[in-house]
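First the structure, in the form of C-alpha cells, and then the observations on it.
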Amino acid sequence: MPSYTVTVATGSQWFAGTDDYIYLSLVGSTGCSEKHLLDKAFYNDFERGAVDSYDVTVDEELGEIQLVKIEKRKYWLHDDWYLKYITLKTPLGDYIEFPCYRWITGEGEIILRDGRAKLARDDQIHILKQHRRKELETRQKQYRWVEWNPGFPLSIDAKCHKDLPRDIQFDSEKGVDFVLNYSKAMENLFINRFMHMFQSSWSDFADFEKIFVKISNTISERVMNHWQEDLMFGYQFLNGCNPVLIRQCTKLPEKLPVTTRMVECSLERQLPLEEEVKQGNIFIVDFELLDGIDANKTDPCTMQFLAAPICLLYKNLANKIVPIAIQLNQVPGDENPIFLPSDAKYDWLLAKIWVRSSDFHMHQTITHLLRTHLVSEVFGIAMYRHLPAVHPIFKLLVAHVRFTIAINTKAREQLICEYGLFDKARGMDSTENIPYYFYRDDGLLVWEAIKEFTAEVVGIYYESDQVVAEDQELQDFLKDVYVYGMRGRKTSGFPKSIKTREKLSEYLTVVIFTASAQHAAVNFGQYDWCSWIPNAPPTMRAPPPKAKGVVTIEQIVETLPDRGRSCWHLGAVWALSQFQENELFLGMYPEEHFIEKPVKEAMARFRKNLETIVSVIAERNKKKKLPYYYLSPDRIPNSVAI
C-alpha cells in the first residue's frame with residue numbers, strides 16, 4: 001500500500017505547541033485518504049519549535065496530492081497550535097511543501113494547498129477553485145471594515161485585541177512586550193519619582209535634565225546641547241522624525257505678510273526676498289491642518305493650547321536650512337505678529353518652541369499614525385479579504401502587514417484619545433539644491449531596491465499587462481483599498497484599478513515602503529529628537545504670545561509641559577523607539593510562503609541590494625556629527641508593529 005512521510009513543523013513562539021489530537025487527511029486527484037491520527041508512542045508530539053515526522057499509509061493510489069486537511073480535537077484542555085508548514089514525501093520520492101504559518105484554534109481544522117503561487121486563472125480543477133472561494137468567504141466574515149473616527153480610513157471591526165482573528169493577534173511575547181514597554185521605560189529612565197507631579201512646573205531649562213538620560217555621543221544629547229540654535233531647528237525639518245512637511249516656497253502666501261525689510265539680516269545673498277524665492281532658496285512649513293482644532297482635554301486641571309504656525313526657512317550660503325520668520329496662527333493681524341531672528345532672544349525662542357510643538361502633533365497624528373499605521377492597516381485588511389494564501393501578491397505582502405492590525409487595535413484600545421511618501425511636488429528632490437536631506441537620499445535608495453524586487457516578482461507571475469487587468473482578486477483588493485480604506489477619495493492618490501505590470505509594481509512598492517521604510521523613518525527617531533522636552537513639547541500650557549517684547553524665561557517654562565506630563569512623554573517616546581525582540585528587518589522572510597526558485601533568487605538579490613545600501617549609509621555616517629541611520633535597511637523592520 002502507498003506510504004507517505006509527513007513532516008510537521010510547529011512554531012517557536014510562546015504557547016505554539018499543543019497536546020490536542022492532530023489528524024491528517026490527503027486529497028489527491030484520484031482519491032482521498034482516511035483520517036490519520038499523527039501520534040508517536042511514548043513521545044510528546046507538536047512541542048514548541050519541534051519538527052516531527054510520521055509515516056502515513058493509505059489504502060489506494062491518490063494521484064497528485066492537491067490538498068492536505070489538518071484537524072485538531074481536544075485532548076484535555078483546548079490549546080491553540082501554530083502550524084508552520086507540512087512537507088509531504090510521496091511514494092515516488094517527490095517532496096511537496098505546504099506552507100501554513102497560521103494558528104489552529106479550538107476544535108478547528110485547516111485545509112492547505114501546496115506552496116506554489118497561483119493566480120485564479122491558473123486553477124482549472126473544481127476542488128481548487130472551491131477551496132480558493134471558501135477561503136475568501138471565510139476571511140471576509142472575519143475581516144470586516146468599520147468606521148473608527150469620521151474622516152479617517154476605515155479600520156478592522158474589533159473593539160479590542162482579543163476580538164481580532166487569532167492569526168493577526170500578537171504572539172504572546174509580542175503582546176507582553178507592548179504592555180511592559182512603558183513600565184520598562186519608567187524604570188530604565190529613572191523617572192518614577194516625577195510621574196505624578198502634574199501641575200508642577202520645572203524651574204528652568206536645566207531642570208529638565210533631571211529626567212533626561214545622557215548617553216554619550218547620541219543624537220538626543222546633541223539635541224539637548226544645541227536645541228536653541230537655528231541650525232538645529234532647521235536641520236530637523238530635513239532629518240528629524242518628521243522630515244516630510246518642508247517644501248520649497250514658490251510664492252509667498254498672502255496670509256504671511258513678510259517683507260524683505262523684516263528678514264534682510266537673514267538673507268546672506270543680499271537679494272530681495274522675492275528673488276530668493278525665485279532662486280529656490282526659501283522653504284516653508286505650514287501647519288494649517290491644526291487651525292481650529294481644540295486642544296486635548298484629557299487633564300481637567302490643566303489648560304492645554306494649540307497653534308497653527310507658518311514657518312519660513314532659508315537655505316544659507318553653507319546650504320543649511322535656517323528659520324527666518326514665524327507666524328503662530330494662520331490669520332495675520334496685530335495680535336499675531338511675525339517673529340524674527342532679530343527679535344528679543346526669548347520672543348524668538350518661544351516662537352520656535354511653538355513650531356516644534358505643532359510639528360510634534362502633526363508628526364504623531366498625520367505623519368506617523370495616519371500615513372503609516374492606518375494606511376498599512378488598510379492594505380492588510382484588504383489583502384486578507386480578497387487575496388487567498390495561494391495568491392502571489394498575498395505571499396509577497398503578508399510579511400509587511402505582520403502585527404500591523406494588532407498594534408493599531410491596541411492603540412485604539414489603550415493609547416489614542418477619542419478625539420506621503422516622496423512627493424516631488426514639494427520641490428525637495430534636487431540633491432544639488434538641498435544636499436543634506438538624508439531622509440530623501442536614503443529613502444530613494446531603499447525605494448529603488450524595493451521597486452526592483454517587486455518588479456521581479458510581478459514579472460514572474462504576470463506574463464503581460466492583460467494578466468494584471470484580468471486578475472479579479474487583485475482588482476477586488478485594489479478596489480477595497482480605495483473604496484473602504486481611502487473612503488473613495490481621489491485625493492488619496494490610490495487607484496481603484498490597475499491595468500499594467502509597471503503600475504502594479506509601483507503600487508506594491510508603495511505598500512511595502514510605507515509599512516517598512518517610511519514607518520522606520522518617522523518612528524524610531526522619536527527618542528533621539530523628542531526626549532529633550534523643550535525641543536518637542538507634547539503640550540503647551542499657555543496660549544501663543546500676541547505681542548513681542550513680553551516673553552520671559554519664566555513664561556516659557558510655565559508654558560512647557562509640567563513635570564508629570566514630561567515624564568509620561570519621555571516614557572512614551574522611549575518605548576516607541578525600541579525594536580522588538582526577534583525583530584524581522586527588511587529583506588528577512590523566515591516564513592517561506594514562496595517555494596519557487598525564481599522568487600527565492602529575487603529575494604536573495606533584494607537582500608544583496610539592501611546590504612549595499614547599509615554599507616553606503618554607514619560610510620557616509622562616519623563623517624557626521626549627527627548621523628542619519630533610520631533608513632539603513634538593517635534598522636528597518638518589515639512591518640508597522642510598534
Side-chain angles (χ1 to χ4, degrees), residues 117-123 132-133 135-136 139-140 143 145 153-154 370-372 374-401 404 420-425 443-444 446-518 593-594 596 598-599 602-603 606 639-640:
K118 299 286 186 180
L119 300 176
R121 74 171 198 153
D122 300 324
D123 285 339
R132 195 176 194 116
R133 186 183 71 251
E135 180 183 9
L136 292 182
R139 292 234 212 101
Q140 285 167 16
Y143 296 83
W145 295 106
L154 296 191
L370 175 61
R371 291 182 178 164
T372 63
L374 299 186
V375 168
S376 291
E377 179 177 357
V378 164
F379 297 138
I381 298 170
M383 181 196 76
Y384 280 110
R385 284 172 54 82
H386 294 290
L387 300 178
V390 73
H391 198 289
I393 304 305
F394 178 93
K395 291 173 179 281
L396 176 65
L397 295 184
V398 65
H400 299 288
V401 297
T404 298
L421 298 167
F422 294 104
D423 180 0
K424 301 210 173 192
L444 286 171
V446 175
W447 173 277
E448 290 301 326
I450 295 172
K451 190 173 181 182
E452 183 178 325
F453 172 53
T454 60
E456 283 198 69
V457 175
V458 167
I460 291 169
Y461 294 102
Y462 294 90
E463 62 193 43
S464 67
D465 292 344
Q466 183 180 351
V467 179
V468 172
E470 293 177 354
D471 182 354
Q472 193 56 51
E473 290 169 339
L474 172 66
Q475 300 303 328
D476 289 344
F477 161 73
L478 299 169
K479 185 177 179 181
D480 227 35
V481 169
Y482 179 77
V483 173
Y484 295 104
M486 303 304 167
R487 313 296 289 270
R489 291 189 174 95
K490 291 183 179 180
T491 53
S492 70
F494 287 92
K496 54 185 173 183
S497 66
I498 285 177
K499 306 299 183 185
T500 69
R501 295 193 296 177
E502 182 182 359
K503 288 296 183 183
L504 176 57
S505 172
E506 186 176 301
Y507 189 99
L508 296 172
T509 303
V510 170
V511 176
I512 295 173
F513 186 91
T514 300
S516 57
Q518 184 65 15
H593 292 274
F594 283 112
E596 295 97 324
V599 186
M603 286 178 172
F606 181 39
S639 62
V640 177

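As the structure is a prediction and not an experimental result, all values here were calculated from the model.
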Between [X] (side chain) and [Y] (backbone), is there a donor-acceptor pair under 3.5 Å?
| X | Y | value |
| --- | --- | --- |
| Gln475 | Val468 | yes |
| Ser639 | Val401 | no |
| Glu473 | His391 | no |
| Lys451 | Thr509 | no |
| Asp122 | Leu119 | yes |

In sequence, state the C-alpha distance, the side-chain angles, and the governing distance for Tyr462 and Ile393, and then conclude on side-chain contact (heavy atoms from CB on, under 4.5 Å).
CA-CA 11 Å; Tyr462 294 90; Ile393 304 305; 3.8 Å; yes

Taking all non-hydrogen atoms of both residues into account, name the closest pair between [X] and [Y] and its distance.
| X | Y | answer |
| --- | --- | --- |
| Pro153 | Val378 | CB-CG2, 3.7 Å |
| Phe394 | Met383 | CE1-CE, 3.6 Å |
| Ser505 | Thr454 | OG-OG1, 2.9 Å |
| Ser464 | Arg501 | O-CG, 3.8 Å |

With Val511, which residues qualify under side-chain contact (heavy atoms from CB on, under 4.5 Å), at least two apart?
Phe379, Leu397, Tyr507

With rounding to the nearest 0.5 angstrom, report the [atom1] to [atom2] distance, [X] to [Y].
| X | Y | atom1 | atom2 | answer |
| --- | --- | --- | --- | --- |
| Ser497 | Leu474 | OG | CG | 9.5 Å |
| Leu504 | Leu478 | CG | CG | 7.5 Å |
| Ile498 | Glu506 | CD1 | CD | 8.5 Å |
| Phe477 | Leu387 | CZ | CG | 6.0 Å |
| Phe494 | Met486 | CZ | CE | 4.0 Å |
| Arg487 | Ser492 | CZ | OG | 12.0 Å |

Given side chains that start at C-beta, do those of Phe513 and His400 come closer than 4.5 Å, heavy atoms only?
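Phe513 does not reach His400 side chain to side chain.
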
With sequence neighbours left out, write down each residue that passes side chain to side chain donor-acceptor pair (under 3.5 Å) with Glu596, or none if nothing qualifies.
Tyr461

Counting only heavy atoms not in Gln140, do more than 12 fall under 6.0 Å of its CD?
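Enclosed: over 12 neighbouring heavy atoms sit under 6.0 Å from CD of Gln140.
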
State whether the number of non-hydrogen atoms from other residues, nucleotides or ligands found under 6.0 Å of Gln472 atom CD is greater than 12.
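For Gln472, atom CD is crowded (more than 12 foreign heavy atoms under 6.0 Å).
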
Looking at Lys499 and Asp465, is there a salt bridge between them, counting it only when a charged N and a carboxylate O are closer than 4.0 Å?
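Result for this pair is no, no salt bridge flagged.
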
Inspect the contact between Arg385 and Asp480 and indicate whether a charged nitrogen and a carboxylate oxygen are less than 4.0 angstrom apart.
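Salt bridge between Asp480 and Arg385, a charged N being under 4.0 Å from a carboxylate O: yes.
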
Verify whether the ring centers belonging to Tyr143 and Tyr384 lie closer than 6.0 Å.
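Between Tyr384 and Tyr143, which both carry aromatic rings, the centre distance is below 6.0 Å.
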
Evaluate the side-chain contact (heavy atoms from CB on, under 4.5 Å) criterion for residues Leu396 and Phe594: first the C-alpha distance (whole Å), next the side-chain angles of each, then the deciding distance (0.1 Å), finally the verdict.
CA-CA 8 Å; Leu396 176 65; Phe594 283 112; 4.2 Å; yes

Do Ser376 and Thr514 pair up side chain to side chain, a donor and an acceptor below 3.5 Å, judged on atom types alone?
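Not at all, the side chains of Ser376 and Thr514 share no donor-acceptor pair under 3.5 Å.
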
Please say which of Arg133, Arg132, Arg139 ends up in a side-chain hydrogen bond (donor to acceptor under 3.5 Å, both in side chains) with Glu135.
Arg139

